[in-house]
Every structure is written in structure tokens, then in C-alpha cells.
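A short write-up of the structure that comes next.
Bear in mind that the values here come from a model prediction, so they are computed numbers and not experimental data. If you read the sequence from its start, that first residue is 1, and numbering goes on from there. First listed ligand is number 1; within each ligand, the first listed atom is number 1. Excluded from the calculations below are hydrogen atoms, water molecules and symmetry mates; all remaining heavy atoms, backbone and side chain alike, are included.
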Amino acid sequence: MPSPSSTPDVMEKLVSLCKRRGFIFQSSEIYGGAGSVWDYGPLGVELKRNIKERWWNSMIRARSDIEGLDAAILMHPKVWEASGHVSGFVDPLVDCRNCKKRFRADDPRIKGTPGTPDAQCPACGMKATLSAARQFNLMFKTFMGPVEDSAAVVYLRPETAQGIYVNFLNVQQSTRQKVPFGIAQIGKAFRNEITPGNFIFRTREFEQMEMQFFVEPGTDVTWFEYWKAQRMDWHRSLGLAESRLRFHEHTKEELAHYARAAFDVQFDFGGTLGFQEIEGVHNRGDFDLSQHQTFSGKKLEYFDQPANKRYLPFVVETSVGADRTALAVLVNGYREETVEGESEGRTVLGLHPSIAPIKAGVFPLVKKDGMPEMAHRIADDLRSRMPVFYDDSGAIGRRYRRQDEVGTPFCITVDGESITAGTVTVRDRDTLRQERVDAARLGELLGEKLRS
Ligand code: ATP
């Protein structure tokens, strides 16, 4: 449900910037677009990769107690019976007989009770045309193999977690990890959402970054608190403003029947969207492993050798959307400001340097006197360490603006003094301060700035 906020709504401007500058395009746009599916352009794919890399590094590479996995999207259909998705992954849906549009039954725009004469369609405005609510499963179905019959139905996974549960013992035994330990993966998930929207906030195809941490029952509460704190820190480390982040504890009504506790990390997207979930941290007990044990008939217990006992571990899960995080950092970073002494203002994407798609713009002040050659040399040299963009077209102020708008943290300009003294200016996107540095030290200097 929306939770309106006093933070301004920048979504419309952001959608337009993202298209114009090659971050995000509507899927199949030349055919009129595919509903709530988006393509990442040259800058968007870099941004999302950087976010995923930061997650992968902090969750797997920097730790010895979490292993990585890349499980397949298609799984045995029984997986989804065991997980509860076949019977329970449903939203109540109503149809309008007049305009043929579909809505979630709890859509706040619907007046009256669907299925009764007083109900009014929020799209066409007709009364008495809305059907009574019926349950609609959000999983996409397809067929495995050449026969399209009911025996061949498989699903596109609606979450990545199940690939982790079914591989719990494979990973544990092949790596000889001891509980407590985790398994993490990044991958696509698909949900046939009834009311998708708000750009990449809710889409039908998206990427999740999920980690399941297996712990001894009785230690789950401590680990749950640990992971809550860790995950909030990670969001802060992306540069998301403290004032825009908060926890939301699931109420009894929101809590899944098997869940022992659940907290969402929420981010304030501004405007009518307001605070919304970007990540879920869940204490799932042994629900998932015990379901798979029952449905598969295979024991999934962990053998604790020193204690000489077997048990089903409890799971603390952290589940975050890569696309939703990308939207959060874009919304968080977007700002329009006036520049002292200049008539034209500027639009800035204040992205954390580590996730900015381009790390440095390299410009010759003018296209003569050896400046383009030197600037090309610098750009080629830096390119082996970081994504850079060479630009010699238009006034220098324009070139700075173009980089500000896509979040490039540093701009390097080669001028007359560069040719004689071997120095260049480095302009900081946020402070607008320029420092003159030795061109030979640029790689080292930018490397330091990007790490800090
Ligand atoms: P919501 O209540 O917003 O539908 P959820 O509680 O169903 O989300 P989870 O199943 O916990 O979400 O999924 C974990 C994360 O995956 C979410 O926090 C979100 O970042 C991301 N996610 C879930 N559904 C979508 C979607 N349709 N589009 C984009 N990201 C999504």
C-alpha cells in the first residue's frame, strides 16, 4: 500500500532521463512496449552490474561462511508445490466486463465491493461491471519438452530462494561448510503481477539477490538481528540517505504462517509511492527444508559431528531486488540545482562513485594544440582500470553537465598548461572543486578516490 511522503516525486523526470541517456528503455518499445518489462541500456547495465557486484563482494567474496550458487530458472514442478507457491502465491483479481481491464481486488481506486452492482471500475467508470474477486496465481507457466499438455507444465521461478534450498546438502557437502553458513545467488525471477508499475519498482521480470543463512535452531533470533543490521549497513554503503531508510516489521496479518519474524528494509521513493520495501529479512524457521524433505522423500538434515546430532537447520533469509535497488539509488541521487555564476542550472545523479556507470569523463579544452591527442592518451590509459568517456564536442560547461546528469564522479580536462607542465584538472561532480594534478598520477589518484 502506498505510504505518501513529503520527499518530492522525481519519477517522471527520472524515467525520461533514463531513456534519453541510455539507462533504461521500455521492452519492445517499437511494438508499443511489453507490459512492465524493461531493458537496461549501456549505462543502466553498468549501474546494475555494479550494484550486483557490491552485493556479491560483500556477501560472498569478503566472507568465508557464505557460498555462491547459480541455480537454473526452470525447476521440477514439485518444488513449487513444496514451497507453497502453487496453492498460495496468489492475488485476488477482479475483471471489468466492459473495458476488459484487470485490477487487484484491494486496489484503493475501486469504489464499492467488486461483484456487487455498486462497484465502479476505476478505468472506464462503469458501474456493476466488476466481477467478484477470484484468486490469480502469479507464476508464469510454460511447458518442458515437446508436448504441451498438463503433465509438461513447469514454472518460471517467482524467486531464486528455492534453488538454494534444494541444493542445501549439495553445497554443504561439497564445500564442507559447517552450520552456521549461507548460500547466496543472484538471478532472474518472474511474477505475473496484476498491477505492476512505477517504472522498475514492480516488474514482471526482475533480478533478485538472495541469501539463505542456515543456523542451528535456537540461534536464529541472534542471527536474524545480525543480518538485519548487516543489510541496513549495506544499503547505507550505497549512499542511500539515512532519512530515506527505515525498517518495517511485518504485522501478524502480513507475516507468512511459517515465518517467525520478518522485517522489510524500506526506502522512501518520494511522492505518492513513499516508503516501500526494497529488501526483506525473514526468519523462516525450518519450513522450507522440511517441506522439501517431505515432498522429495529425501532427508535434508545436517549432521553436526562434534555434537553427534542431526537436525534441520533454521533459515534466516535476506532477499533484495537488484532492479528496485537500482531505482532507489537513482531516486536518491537525482537532484536539480542552480550553479553560482551560471544562468543554466544542472541536473545531477549523485551516485556513489563505486556504482556510477562512468567513473571519469576526459575532455580536451579545445580541439587543437595537441590537447585531443593528450586527452586520448589519458582516456586510453585509464580505460584499462575503469570505464571512462572521452568527449570533445561542445563547450566545456556542456560536457560537464552531460557527465553530471549520468552521475560521473570525476571530469578530467586537458588544457594549455597540460601540454607544457603535464598536469590536468580533476573536477569533482558534487563539490565542483577542481584540483590540478600530475597527469602521470591520474590512475593512482582516481583509484584512491573511488576506493574511499
Ligand atoms: P512486494 O510486497 O513489493 O510485492 P514481496 O514482499 O512480494 O514484495 P519478496 O518476495 O520478499 O517481495 O521479494 C524480495 C525482493 O524482491 C523485494 O524486496 C523486491 O526488492 C524484489 N521484488 C519482488 N517483487 C518484485 C517485482 N515484481 N519487481 C521488482 N522487484 C521485485
Side-chain angles (χ1 to χ4, degrees), residues 1-3 11 24 27 34-40 44 48 51-52 55 59 80 83-85 88-93 104 106-107 136-140 155-165 184-212 227-228 231-232 234-235 238 240 245-251 253-259 261-269 273-284 287-288 315-332:
M1 283 297 102
S3 148
M11 203 67 87
I24 299 164
S27 161
S36 282
V37 193
W38 298 87
D39 297 338
Y40 286 76
K48 191 150 76 132
I51 291 171
K52 290 189 285 185
W55 186 86
M59 296 300 264
W80 306 109
S83 68
H85 282 83
F89 197 50
V90 289
D91 268 348
L93 166 106
R104 276 174 67 130
D106 58 1
D107 190 321
F136 172 76
N137 196 297
L138 302 185
M139 283 196 293
F140 280 96
Y155 302 95
L156 300 188
R157 68 180 176 201
E159 61 175 34
T160 59
Q162 301 304 323
I164 292 180
Y165 297 129
Q185 74 168 334
I186 299 177
K188 289 262 180 169
F190 303 82
R191 295 182 187 179
N192 199 2
E193 303 272 8
I194 303 168
T195 46
N198 285 309
F199 197 26
I200 54 170
F201 177 80
R202 189 182 303 286
T203 55
R204 295 196 166 106
E205 173 179 341
F206 55 97
E207 265 182 298
Q208 288 187 314
M209 307 186 283
E210 294 198 302
M211 191 280 299
Q212 317 292 320
W227 280 112
K228 258 176 68 189
R231 296 308 305 147
M232 187 57 107
W234 186 79
H235 289 287
L238 289 179
L240 296 181
L245 284 168
R246 72 178 188 196
F247 278 119
H248 162 75
E249 181 175 8
H250 281 211
T251 59
E253 292 73 42
E254 290 172 286
L255 209 57
H257 66 92
Y258 51 81
F263 275 74
D264 293 338
V265 176
Q266 291 188 332
F267 172 78
D268 181 2
F269 287 90
L273 199 53
F275 276 96
Q276 295 287 343
E277 168 183 347
I278 49 175
E279 170 153 11
V281 184
H282 311 124
N283 181 349
R284 300 177 64 98
F287 174 77
D288 308 276
V315 167
V316 175
E317 168 187 67
T318 70
S319 172
V320 56
D323 311 84
R324 222 175 258 187
T325 307
L327 183 60
V329 296
L330 287 167
V331 167
N332 183 77

Worksheet item: Any idea which residues sit under 4.0 Å from ligand 1, heavy-atom distances?
Response: R191, E193, F201, R202, T203, F206, Q208, E277, I278, E279, H282, S319, G321, R324

Fill in: Test item: side-chain donor near acceptor, E254 and H248, under 3.5 Å
yes

Worksheet item: How far apart are the closest heavy atoms of E193 and R204, and which atoms are they?
Response: O-NH2, 2.9 Å

Fill in: V320 to I278 - nearest heavy-atom pair and separation
CG2-O, 3.4 Å

Worksheet, complete the sentence: W80 and E159 have their tightest heavy-atom pair at CH2-O, 3.9 Å

Worksheet item: Do Y40 and D323 have side-chain atoms, one donor and one acceptor, less than 3.5 Å apart?
Response: yes

Worksheet item: Just checking, R324 and F201: is the charged tip under 6.0 Å from the six-membered ring centre and within 45° of the axis?
Response: yes

